[in-house]
Amino acid sequence: MDLKQLRYFMAIVEERQITAAARRLHMAQPPLSNQMKMLEDEIGLKLFQRGPHHIELTEAGELLAARAAQLLDMAAMTKRELKDFRQGLCGTLAIGTVSSSGGILMHEGMQVFRAEFPRVHFEIHDGNTYQLIDMLDRRIIEIAIVRTPFNAARFNCKYRQPEPMIAAMTSELDWAPEKQEIAVEELAEKPLILYRRFEQLLLDTFAAHDFTPEVACLNDDARTTILWANAGLGVAIAPAAAIELAAHNHLHVKTIAERSLQTRLAAIWPRDAYISSPAKHFLELF
């Protein structure tokens, strides 16, 4: 058994057809079938059930597929580690960020990183938490900067300090100009602009305080939330860091005094994934 055979095997597992796998591997079908027969002979177990339209894995095939994926990931990881060692700290670091991350990539730690490692270049992907987790799974990005709540079970996580949710509105909509902090109950009957990422969290909190909110706008981006509020179209509810993301020259900003609405930014990466040297240094400064 060698890595080439395992790559051939995984291509068949993923394509579910010998013909499609051979096409993907840029080889003829008979040599691929022969390689799989040699693999089955070496293991002494049948790996495939060949049906009329596609191939199904046997129980042994399922086990080998899981192990093969780990072995191929380890081989790729080792290759990248050796490349890092040979080249020094350089290359491209792919990071995903949610819109509510604010200026996290602009804080002083990034200035330090750029000064210390000028040969490292960045590739930034914007998306919501679920899109970024999918990018991590597909290895499009190495690190995702997301915001709680999210399912952290599959990830290594490095958290920043908690921050409160804020309510932002123009002076015309400000019912208590003298206040810097408000209670959740004060948002009842106000035209709210909600970032969909926090919709369920907010609705649960409002329900716990015995009111149903008036939602004037539900959207998919923290920047849109702030822009709508700045235009006087309602009261924006967003993490405190989001206020710097868009024009907010007209806004009065108040902290919502509700512990359940605190959120934290987190840098996450898969538990079983290789972390490059640039990524390790980035995480130290996060």
Side-chain angles (χ1 to χ4, degrees), residues 96-110 124 126-132 144-150 159-267 286:
T97 63
V98 293
S99 66
S100 64
S101 62
I104 188 65
L105 296 180
M106 298 297 108
H107 72 82
E108 61 183 18
M110 283 298 297
I124 306 299
D126 295 313
N128 62 41
T129 296
Y130 308 107
Q131 290 169 333
L132 296 182
I145 297 173
V146 298
R147 187 177 286 280
T148 59
F150 62 91
Y159 293 95
R160 288 181 66 81
Q161 289 298 313
E163 63 184 88
M165 289 279 195
I166 54 91
M169 73 291 294
T170 57
S171 58
E172 293 81 6
L173 293 175
D174 190 350
W175 63 94
E178 73 287 356
K179 286 188 176 182
Q180 299 298 311
E181 186 174 272
I182 60 169
V184 171
E185 292 86 351
E186 294 181 60
L187 297 170
E189 300 182 3
K190 301 295 189 294
L192 302 184
I193 304 166
L194 305 184
Y195 176 22
R196 197 186 309 273
R197 170 72 178 84
F198 301 104
E199 178 186 10
Q200 195 57 55
L201 175 64
L202 290 165
L203 293 180
D204 289 346
T205 301
F206 297 152
H209 288 267
D210 298 319
F211 73 90
T212 300
E214 178 191 334
V215 180
C217 173
L218 187 63
N219 66 83
D220 291 313
D221 197 298
R223 290 162 292 203
T224 302
T225 304
I226 301 304
L227 284 170
W228 271 59
N230 196 58
L233 300 173
V235 178
I237 309 297
I243 197 67
E244 302 298 331
L245 293 173
H248 59 281
N249 51 305
H250 297 152
L251 293 179
H252 292 197
V253 180
K254 303 175 189 297
T255 300
I256 303 173
E258 176 59 43
R259 190 173 181 82
S260 68
L261 292 183
Q262 286 189 338
T263 72
R264 292 196 290 173
L265 285 174
F286 177 72

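Model, not experiment: these values are computed from the prediction. Index from 1, following the sequence.
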Enquirer: Would you say that Val184 contacts Phe211 through its side chain, given a criterion of any heavy-atom pair below 4.5 Å between the two side chains?
Expert: yes

Enquirer: Looking at every non-hydrogen atom in both residues, tell me the closest pair between Pro149 and Leu201 and how far apart they are.
Expert: CD-CD2, 4.4 Å

Enquirer: Looking at Ala216 and Leu233, what are the two nearest heavy atoms and their distance?
Expert: CB-O, 4.2 Å

Enquirer: Taking side chain as C-beta onward, heavy atoms only, is Thr225 less than 4.5 Å from Phe198?
Expert: no

Enquirer: Could you give me the CA-CA distance, side-chain angles and deciding distance for Asn230 and Thr170, then say whether side chain to side chain donor-acceptor pair (under 3.5 Å) is met?
Expert: CA-CA 6 Å; Asn230 196 58; Thr170 57; over 6 Å; no

Enquirer: For Glu186, is there an ion pair with Lys254 - N to carboxylate O distance below 4.0 angstrom?
Expert: no

Enquirer: With Leu218, which residues qualify under side-chain contact (heavy atoms from CB on, under 4.5 Å), at least two apart?
Expert: Leu194, Arg196, Glu199, Val215

Enquirer: Checking side-chain contact (heavy atoms from CB on, under 4.5 Å) between Leu261 and each of Ile166, Ile256, Thr255, Ile237, which is the one that passes?
Expert: Ile256

Enquirer: Is there a side-chain contact between Asn128 and Val98 (heavy atoms, below 4.5 Å)?
Expert: no

Enquirer: Report yes or no: does His209 contribute a side-chain atom to a donor-acceptor pair with the main-chain N or O of Glu185 at less than 3.5 Å?
Expert: no

Enquirer: Could you tell me which non-hydrogen atom of Gln262 sits nearest to which non-hydrogen atom of Pro162, and how far apart they are?
Expert: OE1-CB, 3.9 Å

Enquirer: Say you draw a straight line from NE2 of His252 to CE of Met169; how long is it, rounded to the nearest 0.5 Å?
Expert: 9.0 Å

Enquirer: Hey, could you give me the CG/CD distance between Leu202 and Glu258, rounded to the nearest 0.5 Å?
Expert: 10.5 Å

Enquirer: Of all the heavy-atom pairs spanning Ile182 and Ala167, show the shortest one and how long it is.
Expert: CD1-CB, 3.8 Å

